[in-house]
Amino acid sequence: MPSRELPLSLLHERVNGWYAEAGRKELPWRAPDATPWGVFLSEVMSQQTPLSRVEPIWREWMARWPTPADLAGAAPGDAVRAWGRLGYPRRALRLHEAATAMVERHDGEVPRDHEALLALPGVGAYTAAAVSCFAFGNPEVVIDTNVRRVLARTLEGKALPHVTLNRAESDLAREAMPAERDRANTWNVAVMELGALVCVARGPRCEQCPVADLCAWNLDGRPAYDGPPRRGQAWHGTDRQVRGEILRRLREAHASVPLATLVDAGDDPDQVMRCLDSLVADGLIEPLARGRFRLPA
DNA sequence: GAAACGTGGTT
DNA sequence: TAACCAAGTTT
């Protein structure tokens with residue numbers, strides 16, 4: 001339960017004021033002339049990915065595919081190749097599918113409402129809310145890892161939020177949002193920005209925080225995280241590593257590649273074969289005759 | 001609800 | 001160095 005003693009209006013004023021002064025205004029998808037498509041692209045690219053790596057790829061994509069129709073008209077493999085090393089390359093495929101859906105169902109435009117956005121491939125609760133808010137000014141409840149951490153600290157006095165987002169936390173985020181539309185829209189981006197720049201997971205810069213004197217966690221002496229263990233993700237020797245290596249080779253090939261040049265993408269040939277199968281099943285690679293592979297045409 | 005899904009910088 | 005973490009989504 002949130003502390004009812006914390007005056008939300010003061011929190012809103014401080015956080016929004018801080019954003020006006022300290023928020024990153026140079027991010028291209030925050031420019032006044034940014035299109036909904038540009039915002040959409042930035043949100044999908046930013047899933048689980050630091051913005052510093054997103055920006056150069058975003059610029060390349062916007063120059064090459066400035067509208068949904070442009071991407072829909074390209075080969076899916078071109079999207080996968082242009083994705084480069086951003087990670088989670090299925091996002092590139094889903095972006096291509098989403099662009100196609102926009103052309104077929106939405107007159108080539110990014111849909112404006114939450115429901116239609118949520119129906120697009122690769123768009124979940126966060127991305128639907130973020131695009132609806134940031135591209136179209138709808139006061140959605142936008143909840144990402146930054147928002148969750150800031151609210152856990154300021155309102156609940158906890159070092160980190162629970163492992164998984166639950167109903168109570170969503171309700172809390174809704175209650176914490178300003179009622180007035182413009183303030184709510186600024187709040188959404190401002191809280192995220194505060195979490196990204198100041199209220200970070202490790203080594204929070206509370207001395208720079210505009211709400212340090214209101215923050216339940218800070219006022220309580222910043223107690224350590226005491227929830228259930230947060231499992232890290234294995235990497236070395238996993239299918240993910242092998243899939244990544246296979247895809248890296250195909251991206252760099254610019255033509256079809258024989259199995260022989262892929263079979264050492266991992267230590268275990270059986271694992272490599274399994275990963276090739278799963279990549280085909282995902283639509284990320286295309287099998288050709290005589291055991292050759294390429295990015296999907 | 002848990003697990004899979006990339007990649008690279010930071011601690 | 002190993003672990004953590006990053007504007008999550010899908011199955």
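Chain A is the first sequence line, chain B the second, and so forth, proteins listed ahead of strands; every chain is numbered from 1.
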Check T261(A), L288(A), L279(A), L276(A) against F293(A) for a side-chain contact (heavy atoms from CB on, under 4.5 Å) and give me the one that passes.
L276(A)
NA contact type, W83(A), heavy-atom cut-off 4.0 Å: base, sugar-phosphate, or nothing?
nothing
Roughly how far apart, to the nearest Å, are dA7(C) and dA4(B) at atom P?
23 Å
Hey, can you pull the residues of residues 125-152 of chain A with a non-hydrogen atom under 4.0 angstrom from DNA chain C?
A125(A), Y126(A), T127(A), D144(A), T145(A), N146(A), R149(A)
Looking at E245(A) and R248(A), is there a salt bridge between them, counting it only when a charged N and a carboxylate O are closer than 4.0 Å?
yes
Taking every non-hydrogen atom, the tightest pair across L120(A) and P111(A):
CD1-CG, 3.9 Å
Which heavy-atom pair separates W37(A) from P68(A) by the least distance, and what is that distance?
CE3-CG, 3.6 Å
For the hydrophobic clusters of this structure (ILVMFWY residues joined by side-chain heavy atoms under 4.5 Å, transitively), does one cluster hold both W83(A) and L284(A)?
no
Once you apply a heavy-atom cut-off of 4.0 Å, does V123(A) come out as touching a base, just sugar-phosphate, or nothing?
sugar-phosphate
Say you pick atom P in dA2(C) and the same atom in dC5(B); how far apart are they, in whole Å?
22 Å
If you look at every heavy atom in R112(A) and S132(A), which pair is closest and at what distance?
O-OG, 3.8 Å
First of E43(A) and L120(A) reached from the 5' end of DNA chain C, by closest nucleotide:
E43(A)
Partner of S256(A) under side-chain hydrogen bond (donor to acceptor under 3.5 Å, both in side chains), picked from R292(A), E286(A), R294(A), is R292(A)
Compare all side-chain heavy atoms of F134(A) with those of M192(A) and state whether any distance is below 4.5 angstrom.
yes
Strictly below 4.0 Å, N to O, side chains only: are R167(A) and D171(A) in salt-bridge contact?
yes
State plainly whether the residues R24(A) and E55(A) are in salt-bridge range, i.e. N to O under 4.0 Å.
no
Quick one: how far along DNA chain C does chain A reach, first to last nucleotide 5' to 3', anything under 4.0 Å to a heavy atom?
dC4(C) to dT10(C)
Given protein heavy atoms under 4.0 Å, the one-letter contact record of nucleotides 4-11 of chain B, with B base, S sugar-phosphate only and - none, is simply -BBBSBBS
Work out how far the P atom of dT11(C) is from that of dG6(B), and round it to whole angstrom.
13 Å
Looking only at heavy atoms, the pair that brings L259(A) and M273(A) closest together is CD1-SD, 3.9 Å
